Amino acid sequence: MENSFCFVVDVGVGITIENWLTEQGYKVIPVRIINREMEDGEIISLAVNEDAIIITMDKDFGELVHKENMQHKGILLLRLEDAVSEEKLAVIQNIFPTHLENISKSFAVFQNGRLRIRS
């Protein structure tokens, strides 16, 4: 099963989410395999080149997008400090069925049980 979305998964997100996305048929580009030290700007450039949505736990992406106006194909920021892999995965599994299309081309933040999407 091939899904049309592609994801660049940042280092802090975890292999559990990478594996689940792959199992769902999504193309997954794990930053941890390419370069664990990759700068955020480089991650955004990679995602733009691959037409991919970034999944991250790094708040710095918000500054790059909103203050420096970096173009992107969609960013999902998970504000889940101290969450274990299963908790992160449950959030992704809950968000994707109804919000994935809206996250594409937008900046989305999941925090305190809520998803905020800014175009």
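Since we're looking at a predicted model, the values are computed, not measured. Scope of the values below: all heavy atoms of this structure, side chains included, with no hydrogens, waters or symmetry mates.
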Any salt bridge (charged side-chain N to carboxylate O under 4.0 Å, His left out) involving residues 5-16? Give me the pairs, sequence neighbours left out, ordered by first then second residue.
none
Extract all donor-acceptor atom pairs below 3.5 Å that involve side chains of residues 11-21 and protein atoms in other chains or at least two apart in sequence.
unit_1, atom_1, unit_2, atom_2, d
Glu18, OE1, Arg32, NE, 2.9
Glu18, OE1, Arg32, NH2, 2.9
Glu18, OE2, Arg32, NE, 3.1
Asn19, ND2, Ile15, O, 3.4

Say whether [X] and [Y] are linked into one hydrophobic cluster, either directly or through other cluster members, by side-chain heavy-atom distances under 4.5 angstrom.
X	Y	value
Ile53	Leu80	yes
Val48	Ile55	no
Leu100	Phe107	no

Given side chains that start at C-beta, do those of [X] and [Y] come closer than 4.5 Å, heavy atoms only?
X	Y	value
Leu78	Thr56	no
Ile34	Leu46	yes
Val8	Val31	yes
Ile29	Cys6	yes
Ile117	Ile103	yes
Leu77	Phe110	no
Ile54	Leu76	no

Closest approach of Arg79 to Val109 (non-hydrogen atoms, all atoms of both residues)
CG-CG1, 3.7 Å
Restricting to side-chain hydrogen bond (donor to acceptor under 3.5 Å, both in side chains), what partner residues turn up for Glu86, sequence neighbours left out?
none
Contacts of Glu42 meeting side-chain contact (heavy atoms from CB on, under 4.5 Å) (sequence neighbours excluded), chain-then-number -> Met38, Glu39
Only distances under 3.5 Å count here; give the side-chain donor-acceptor pairs of residues 62-75 to other protein atoms, sequence neighbours excluded, each with its distance to 0.1 Å.
unit_1, atom_1, unit_2, atom_2, d
His66, NE2, Arg118, NH1, 3.4
Gln71, NE2, Asn69, O, 3.4
His72, ND1, Gly74, N, 2.9

Which residue pairs pass the side-chain hydrogen bond (donor to acceptor under 3.5 Å, both in side chains) test with at least one member in residues 88-113, sequence neighbours excluded?
none
